[in-house]
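What follows is a set of notes on a single structure, which appears directly below.
All of these numbers come straight from a predicted model, not from anything done at the bench. The chains referred to below are lettered A, B, ... by the order of the sequence lines, with proteins before strands, and numbering in each begins at 1.
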Protein chains: 2
Amino acid sequence: MNKADLVDAVAAELKTSRADAARAVETILEAIQRGLKTDAKVAIAGFGTFVRRERKARKGINPVTKQPIQIAATTTCGFRPSPQLRDVL
Amino acid sequence: MNKADLVDAVAAELKTSRADAARAVETILEAIQRGLKTDAKVAIAGFGTFVRRERKARKGINPVTKQPIQIAATTTCGFRPSPQLRDVL
DNA sequence: CGTCCACCAAATCCGCCTTGTTCATCTGGG
DNA sequence: CCCAGATGAACAAGGCGGATTTGGTGGACG
């Protein structure tokens with residue numbers, strides 16, 4: 001499923017234009033991004049929780065050369081689906 | 001950040017009523033749920049990708065009694081943030 | 001206000017994560 | 001509607017990160 005498909009579904013459901021639906025999708029995603037950046041956690045009841053996560057440096061292997069490499073610490077984010085979402089899947 | 005906060009941010013950004021923003025959020029989340037259920041993957045460019053994931057049965061520990069327990073196989077979903085989202089965080 | 005949901009603890013093992021190229025697909029503006 | 005530019009998926013192997021379990025409670029949601 002693409003962003004275009006998502007926008008289509010939203011437009012159909014809300015009975016709005018595709019442009020409005022696209023704007024809504026964009027805005028919500030940006031809001032989540034900002035929330036993650038500022039609060040480090042975005043909990044959406046009945047759906048799941050986005051969590052900003054600091055990953056320490058660790059050792060890994062370059063799958064191409066198969067040589068040990070050092071992976072620098074990064075900041076990523078995880079997602080914990082709510083039980084409700086799990087039941088759907 | 002709560003769903004209420006998210007709705008507030010969206011309403012402010014789109015200059016719509018809180019009720020409309022709430023409907024938009026709900027609708028989009030439901031659309032993502034359906035997409036995950038039917039297509040097993042929802043790719044949103046510049047944000048990330050939701051992936052339905054099958055998890056095998058394994059052994060765990062009851063945190064209360066600290067006794068080993070058997071965990072049945074479940075279906076859950078993961079989220080891979082796009083490089084763009086990672087850069088923001 | 002009543003109900004429902006997320007969080008928290010400790011311990012374990014599953015599977016995600018890394019690199020880098022190629023290719024398919026998607027995107028968004030003209 | 002279409003094309004050029006761009007984005008991400010796939011693939012390899014292996015180590016270690018983190019997702020997961022129960023049950024109560026505080027807080028959120030409608």
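- A:Arg86 has a side-chain polar atom (N or O) that falls below the 4.0 Å cut-off from OP1 or OP2 of D:dT21.
- Rounded to whole Å, the distance from NZ on B:Lys41 to C1' on D:dA9 is 7 Å.
- What separates CG of B:Asp39 from C1' of D:dA9 is a distance of 16 Å, to the nearest Å.
- Using modelled atom types, no side-chain atom of A:Arg86 and backbone atom of B:Thr75 make a donor-acceptor pair closer than 3.5 Å.
- Dashed line: the shortest gap from a side-chain N or O of A:Gln84 to OP1 or OP2 of C:dC5 is under 4.0 Å.
- A:Ser82 places a side-chain N or O within 3.5 Å of a backbone atom of A:Gln84 that can act as its donor or acceptor partner.
- When the P atom of C:dC7 is taken as reference, atom CE of B:Met1 falls 15 Å away, rounded to whole Å.
- A:Gly78 comes within 4.0 angstrom of nothing in the nucleic acid, heavy atoms only.
- For the pair A:Asp8 CG and C:dC26 C1', the computed distance is 14 Å after rounding to whole Å.
- Of all the residues in residues 49-65 of chain A, A:Thr49, A:Arg55, A:Arg58, A:Ile61, A:Asn62, A:Pro63, A:Val64 reach under 4.0 Å from DNA chain C with at least one non-hydrogen atom.
- No donor-acceptor pair closer than 3.5 Å links the side chain of B:Asp39 to the backbone N or O of B:Lys41.
- Across all strands, B:Thr74 comes closer than 4.0 Å to no nucleic acid atom at all (heavy-atom distances).
- The list of ring-ring contact (aromatic ring centres under 6.0 Å, His included) pairs with a residue in residues 9-39 of chain A, not counting sequence neighbours, is empty.
- For the helix from C:dC1-D:dG30 to C:dG30-D:dC1, the rotation axes defined at the first and last 5 base pairs enclose an angle of 170°, given to the nearest 10°.
- When the P atom of D:dA9 is taken as reference, atom CG of A:Asn2 falls 11 Å away, rounded to whole Å.
- Using bins of under 30°, 30° to 60° and over 60° for the plane-to-plane angle, the ring pair A:Phe47/A:Phe79 lands in the tilted bin.
- Rounded to whole Å, atom P of D:dG18 lies 15 Å from atom CZ of B:Arg80.
- Nearest-nucleotide mapping onto DNA chain D: of B:Gly46 and B:Ile71, the residue sitting toward the 5' end is B:Gly46.
- Distance from the side chain of A:Ala4 is smallest for C:dT27 among the nucleotides C:dT27, C:dC7, D:dG8.
- Nucleotide D:dT22 holds its C1' atom 7 Å from the CD1 atom of B:Ile69, rounded to whole Å.
- B:Glu13 and A:Thr27 form no side-chain donor-acceptor contact under 3.5 Å, judged by distance and modelled atom types alone.
- At a threshold of 4.5 Å between non-hydrogen side-chain atoms, the residues A:Asp87 and A:Leu85 do not count as touching.
- Mapping B:Pro81 and A:Glu26 onto DNA chain C by nearest heavy atom places B:Pro81 at the nucleotide closer to the 5' end.
- Heavy atoms of A:Pro83 sit under 4.0 angstrom from primed sugar atoms or phosphate atoms, though from no base atom.
- For the pair A:Asn2 (side chain) and A:Ala4 (backbone), a donor-acceptor distance under 3.5 Å is absent.
- At least one donor-acceptor pair under 3.5 Å links the side chain of B:Arg52 to the backbone N or O of B:Lys37.
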